[in-house]
2 protein chains.
Amino acid sequence: MKRKVTLKQIAKELDVSVSTVSKALRNSKEISLDTRSKVQAFAKLYNYRPNNIALSLKNKRTKTIGVIIPEIVHHFFSKVISGIEKEANNRGYNVIIGLSNESFDKEVINIEMLANGSIDGFILSVAKETLLLQDYHHFYETINQGMPIVMFDRVVNEIACDKVVVDDKSGSKKAVAKLIESGCKNIALITTKDYVNVGKLRTQGYLQALEEHKVEPKSSLIIKVEENKDKEIEIETLEKEISALLDKEKSIDGIFAVNELYAITAMKVAINKGYKIPEEISIIAFTDGVLSKHAIPSLSTISQHAVEMGERSATMLIDKLEEIVEEEKYNTEVINTTLIERDTTR
Amino acid sequence: MKRKVTLKQIAKELDVSVSTVSKALRNSKEISLDTRSKVQAFAKLYNYRPNNIALSLKNKRTKTIGVIIPEIVHHFFSKVISGIEKEANNRGYNVIIGLSNESFDKEVINIEMLANGSIDGFILSVAKETLLLQDYHHFYETINQGMPIVMFDRVVNEIACDKVVVDDKSGSKKAVAKLIESGCKNIALITTKDYVNVGKLRTQGYLQALEEHKVEPKSSLIIKVEENKDKEIEIETLEKEISALLDKEKSIDGIFAVNELYAITAMKVAINKGYKIPEEISIIAFTDGVLSKHAIPSLSTISQHAVEMGERSATMLIDKLEEIVEEEKYNTEVINTTLIERDTTR
DNA sequence: TGGGGCTACGCAAACGTTTTCGTGTTGACA
DNA sequence: TGTCAACACGAAAACGTTTGCGTAGCCCCA
């Protein structure tokens, strides 16, 4: 087993100095052609590759970006990552991943672990617990130490950093408008509690769409789901709530859910009750994923273009790292949503 | 903006040497209690954290493991990653991710990018193209340089390294046996072409189960799907094939598919043709994911315990890195599968 | 023959740590 | 007063690079 070869070893072997080897490999004309080719041949033979860690230390940059997300087993986040990875790789960066599992503590630990020189900057989406606690000291500290952060999707408005968000409100409006225009009169909303920012915004979009179409909102048509660590329980509870809702409000002919899973759950309950979809009840979900695509019937959704979000985030971060954009200038990019019409809408 | 503080700065500020600071922070009794507390207080005040890169260079270990997977927008792989990340974090390691997108070239580039000192070892699942080309030089080179590799799921048998695999054959047998025992007489198989190792093994399991139950296999009941870069097209083609199959072989009363998506596709076609599921046709998929869980009806599956695979892989790699296991000793761990009975089986 | 100007290389510092070894000061004790 | 141990600290090397600068050797020309 031949260990990795270093400049020093090459130097020793060829009886020249380390600096000569280094310069020869970079084809400096300070070194004679003769020596250059000798060194290069030797380096090639032994498959020399400069040690990244040494370079990082010297250059004070790692060419690595840290990504902290709440969870990875989630279509949206994994799509964002694939976008980040693509753009990062194109520009010669690596991606290191930390998962917060929606926990404040894990988010803090992950950030601290990476902030000590391992990476050049962060791309992250804030954990729910953090949003609930509203404790953002770890973000401030990171930024204060000169490490740029790009937040995506779940952002904290009061923090001065780059952000990439989806236009939740207008996305919801799009969805609800579609339902109304296709003839729905009584549209139920399945959303989250208000502390989840995106849920709140999507709720606002729903209300605005109703208003603009002069439909009176009815609070009895809105379910605000209580999050639960155990998704199974959350969904089971939701099933009961939806079932009760459909029993009580017979006039419901449209459902807008703030995510796929809520929508699928609603569809399941409705189908079990014998409703025809989309003839009797139309359904649209925010967030487009595999579930929607392959559901039977396939679900109409609002796509948030997760891959693009990832790409844009990476672009913003790297632009800042490479000083293509001034340090103190923070932007918020809004990614537009698209309505994907499938089989649950008319 | 206060930059990261270093030992040198603390030393200068407190008018002692760098080594004194270092020792004081590690509570060496070589340093007087007085100096120690002074240094520690100062370090705390300025939130000193040792620079990871410098430590990596010094210690010749990065405490980071590289993970190369074919794609991340895939329930199985993201689950494996979450398992890896969990175990790695528990043991103080970071995880850096590379995506091959099933491409040989990207796999090679990713490995080369990370092998130059950035990480201590690899966990990877081989890209399809690599399996097709059977060009494994990049794996050999990596191992030769003393960097351990753990392969999971899609492994190369001929390479001497640790492996974590799922027992594909027995998993398939379990599924097909279940179908037979619940009364199915004519079980169709939807699988991949044979060069995909796991597809091949699962096909073998199907055949063995039939044999053990004295059912004559019929090649007319088997669809071997031609992979396509464009999944849409692949699935569309598959739909037609399944449709033709169901039209031709009216006696089919069970379907076993080597992955969720194939199973869902089959279910879709069957439902459209008016079959009752599971009464007229039972379906089981290899690979358990969101799709199966939330399909309507929910799909019975063979779970491969992806999170556990990730954890085991990480454990094996780290054990080797920390020399808990001898370097030259390679193991192959087999993760057992579990049949999850849902609504597509009787 | 002396000086100037190349050429081709080596030295050393720097990045931020840790650790081994050396050393100056102090105090105790004979 | 001389010796020795203990104490408290500093210097320097090492990890693997890159790069500015110094310089030995040579040739050329006056």
Side-chain angles (χ1 to χ4, degrees), chain A residues 2-40 42-43 46-64 114-120 145-147, chain B residues 2-40 42-43 46-64 114-120 145-147:
Chain A
K2 42 175 188 187
R3 287 266 159 196
K4 291 241 66 174
V5 60
T6 69
L7 287 187
K8 198 192 280 190
Q9 290 164 30
I10 300 183
K12 196 171 174 185
E13 210 69 32
L14 262 49
D15 210 42
V16 292
S17 78
V18 172
S19 33
T20 303
V21 178
S22 175
K23 286 169 187 166
L25 288 176
R26 331 198 100 240
N27 237 323
S28 158
K29 45 194 163 5
E30 218 181 318
I31 307 297
S32 73
L33 244 168
D34 205 43
T35 314
R36 261 188 271 173
S37 45
K38 213 163 32 182
V39 171
Q40 287 170 9
F42 193 92
Y46 281 86
N47 196 27
Y48 169 79
R49 293 275 180 278
N51 180 304
N52 260 332
I53 296 293
L55 286 179
S56 294
L57 183 59
K58 179 122 188 62
N59 300 332
K60 291 169 151 269
R61 56 207 308 253
T62 60
K63 285 241 166 195
T64 301
L114 296 180
N116 304 317
S118 304
I119 60 161
D120 296 339
Q145 289 186 349
M147 182 164 294
Chain B
K2 44 178 183 184
R3 286 267 160 196
K4 291 240 68 175
V5 59
T6 69
L7 287 187
K8 198 192 282 191
Q9 289 164 31
I10 299 183
K12 196 171 174 186
E13 210 69 32
L14 262 47
D15 211 40
V16 292
S17 79
V18 173
S19 30
T20 302
V21 177
S22 176
K23 287 170 190 167
L25 288 177
R26 330 198 98 239
N27 237 322
S28 158
K29 46 195 164 4
E30 217 180 323
I31 306 297
S32 72
L33 245 168
D34 204 46
T35 314
R36 259 189 272 172
S37 47
K38 212 161 40 181
V39 171
Q40 286 171 8
F42 193 92
Y46 281 87
N47 196 28
Y48 169 78
R49 294 275 179 280
N51 181 305
N52 261 332
I53 295 294
L55 286 180
S56 296
L57 183 58
K58 179 120 191 60
N59 300 331
K60 290 169 154 270
R61 57 207 307 253
T62 59
K63 286 243 168 192
T64 301
L114 295 181
N116 303 316
S118 304
I119 60 162
D120 296 338
Q145 289 187 349
M147 182 163 293

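Quick caveat, the model's predicted, so the values are computed rather than measured. Chain identifiers are assigned alphabetically (A, B, ...) following the order of the sequence lines, protein sequences preceding nucleic acid strands; residue numbering begins at 1 within each chain.
- The side-chain contact (heavy atoms from CB on, under 4.5 Å) test with Ile53(A) singles out one residue from Asn52(B), Thr62(B), Ile119(B), and that residue is Thr62(B).
- Note that NZ of Lys38(B) is 12.5 Å distant from CD of Glu13(B), once rounded to the nearest 0.5 Å.
- Residue Ser22(A) places at least one side-chain N or O under 4.0 Å from the OP1 or OP2 atom of dT18(D).
- In terms of polar N and O atoms assigned as donor or acceptor, the side chain of Ser32(B) never comes within less than 3.5 Å of the base of dA8(D) in a complementary pairing.
- Residue contacts for Lys23(A): at a heavy-atom cut-off of 4.0 Å it reaches a base atom on one of the strands shown.
- The two residues Asn116(B) and Lys4(A) have their closest heavy-atom pair at OD1-NZ, 3.2 Å.
- Scanning all heavy atoms of the two residues, the minimum distance from Thr20(A) to Ile31(A) falls at CG2-CD1, 3.9 Å.
- Across all strands shown, Arg61(A) has no heavy atoms under 4.0 Å from either base or sugar-phosphate atoms.
- Not one side-chain nitrogen or oxygen of Arg36(B) sits closer than 4.0 Å to the OP1 or OP2 atom of dA8(D).
- Close approach of DNA chain C to chain A, defined as any atom under 4.0 Å from a non-hydrogen atom of the protein, starts and stops at dA8(C) to dG16(C).
- At a threshold of 4.0 angstrom between heavy atoms, the contacts of Lys60(A) are confined to the sugar-phosphate backbone, with no base atom among them.
- Among the heavy atoms of the strands lying under 4.0 Å from Val18(A) is at least one base atom, whether or not backbone atoms are also near.
- What you find for Val5(A) and Tyr48(A) is that their closest heavy atoms are O-CD1, 3.3 Å.
- Atom-to-atom distance recorded for Asn27(B):CG and Leu33(B):CG is 8.0 Å, nearest 0.5 angstrom.
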